[in-house]
**Q** 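I'd like to ask you about the structure that follows.
Just the heavy atoms: all of them, side chains too, but no hydrogens, waters or symmetry mates, feed the values below.
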Amino acid sequence: RVQVAESGGGLVQVGGSLRLTCVASGLAFADRTMGWFRQAPGKEREAVAGIGRYGSTAYVDFVKGRFTISRDNAKNTLHLQMNSLKPEDTDMYYCAAGWKNIYGLLNPRSYNLWGQGTQVTVSS
């Protein structure tokens, strides 16, 4: 089975931290561009961060300095360390895998495999 699956979401207070994990199965993880996206009810899915096959990273302005994306090719896992969380970060977070980063790390067009999401809720 070819899939990516997210975990690590939860309920945290403002200023708290969470670490999301995405486990990839049935694909050559090291050859994939990977990214994190998020979506809240009534809003469009938006990019959070992306990481290329060779470790290059990109972040949307809103999370720069607070979130860190990383990958562990030996374990076929992707992570998103989220610090200094704020209520505006409340969203369903999705892991995505793509090929060649054709449209950029933060463009959903670069991705063709999506997880089911993990909920992040930041209370005020």
**Q** Are the charged groups of D61 and K64 less than 4.0 angstrom apart, N to O?
**A**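 Salt bridge flag = yes for K64 with D61.
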**Q** Evaluate the side-chain proximity of S7 to V23: yes if any heavy-atom separation is below 4.5 Å, no if none is.
**A**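 A side-chain contact is absent here, since even the closest heavy-atom pair is not under 4.5 Å.
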**Q** Is there a donor-acceptor pair closer than 3.5 Å between any side-chain N or O of Y59 and the backbone N or O of I69?
**A**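 Yes, Y59 side chain to I69 backbone: donor-acceptor pair under 3.5 Å.
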**Q** Anything under 3.5 Å between a donor and an acceptor, one on a side chain of residues 114-124, the other on a protein residue two or more places apart or in another chain? List them.
**A**
unit_1, atom_1, unit_2, atom_2, d
T118, OG1, G9, N, 3.1
Q119, NE2, D91, O, 3.3
Q119, NE2, T121, OG1, 3.4
S123, OG, V12, O, 3.4

**Q** Does CZ in F62 sit with more than 12 non-hydrogen atoms of other residues, nucleotides or ligands closer than 6.0 Å?
**A**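 Count over threshold, so yes.
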**Q** Taking the side chain as everything from C-beta on, heavy atoms only, tell me whether F67 gets closer than 4.5 Å to W36.
**A**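 In short, these two side chains do not touch, never coming nearer than 4.5 Å.
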**Q** Any side-chain heavy-atom pair from Y93 and L80 closer than 4.5 angstrom?
**A**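 The answer is yes, as the side chains (C-beta and beyond) meet within the 4.5 Å cut-off.
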**Q** Okay, side chain of R71, backbone of Y54: is any donor-acceptor separation there less than 3.5 Å?
**A**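 No: the side chain of R71 does not pair with the backbone of Y54.
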**Q** Treating Q81 as the side-chain partner and R19 as the backbone partner, does any N or O pair qualify as donor plus acceptor under 3.5 Å?
**A**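 No: the side chain of Q81 does not pair with the backbone of R19.
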**Q** Treating S110 as the side-chain partner and G104 as the backbone partner, does any N or O pair qualify as donor plus acceptor under 3.5 Å?
**A**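 Here the side-chain-to-backbone pair exists.
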**Q** Classify the side-chain pair R32/N112 by whether it contains a donor and acceptor separated by less than 3.5 Å.
**A**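 A pair is found: one side chain offers a donor N or O, the other an acceptor, under 3.5 Å apart.
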**Q** Is NZ or CZ of R45 both nearer than 6.0 Å to the six-membered ring centre of Y94 and within 45° of the ring axis?
**A**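 Yes, a cation-pi geometry.
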**Q** Would you say that L105 contacts S56 through its side chain, given a criterion of any heavy-atom pair below 4.5 Å between the two side chains?
**A**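 When only atoms from C-beta onward are counted, S56 and L105 do touch, with a gap below 4.5 Å.
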**Q** For the residue pair L78 and I51, establish whether any side-chain heavy-atom pair is separated by less than 4.5 Å.
**A**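 Result yes, sub-4.5 Å side-chain heavy-atom pair found.
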**Q** With no hydrogens and no angle check, do the side chains of N83 and S17 hold a donor and an acceptor under 3.5 Å apart?
**A**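 Side-chain D/A pair, N83 to S17: present.
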**Q** Mind listing the closest non-hydrogen atom pair of G50 and L106 along with its distance?
**A**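 Here G50 and L106 meet closest at N-CD2, 3.9 Å.
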**Q** T21 and H79: side-chain donor and acceptor closer than 3.5 Å?
**A**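 A pair is found: one side chain offers a donor N or O, the other an acceptor, under 3.5 Å apart.
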**Q** Using the side chain to side chain contact (heavy atoms under 4.5 Å, CB included) rule, take R1 and S25 through it: C-alpha gap first, then chi angles, then the decisive distance, then the call.
**A** CA-CA 7 Å; R1 180 183 300 178; S25 302; 6.0 Å; no
**Q** So for atom CD, which belongs to Q13, do other residues, nucleotides or ligands contribute more than 12 heavy atoms lying within a distance under 6.0 Å?
**A**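 Check fails, neighbour count at 12 or below.
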**Q** Which pair of non-hydrogen atoms, one from D89 and one from R38, has the smallest distance, and what is that distance?
**A**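 For D89 versus R38, the nearest heavy atoms are OD1-NH1, 2.9 Å.
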**Q** Could you report the tightest heavy-atom contact between M34 and A97, atom names first, then the distance?
**A**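 Scanning both residues completely, I find the closest heavy atoms to be SD-CB, 3.5 Å.
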**Q** Is the NZ atom of K86 crowded by more than 12 outside heavy atoms at less than 6.0 Å?
**A**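 Enclosed: over 12 neighbouring heavy atoms sit under 6.0 Å from NZ of K86.
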**Q** With the 4.5 Å side-chain cut-off for hydrophobic clustering, are I102 and Y111 part of the same group?
**A**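 No, separate clusters.
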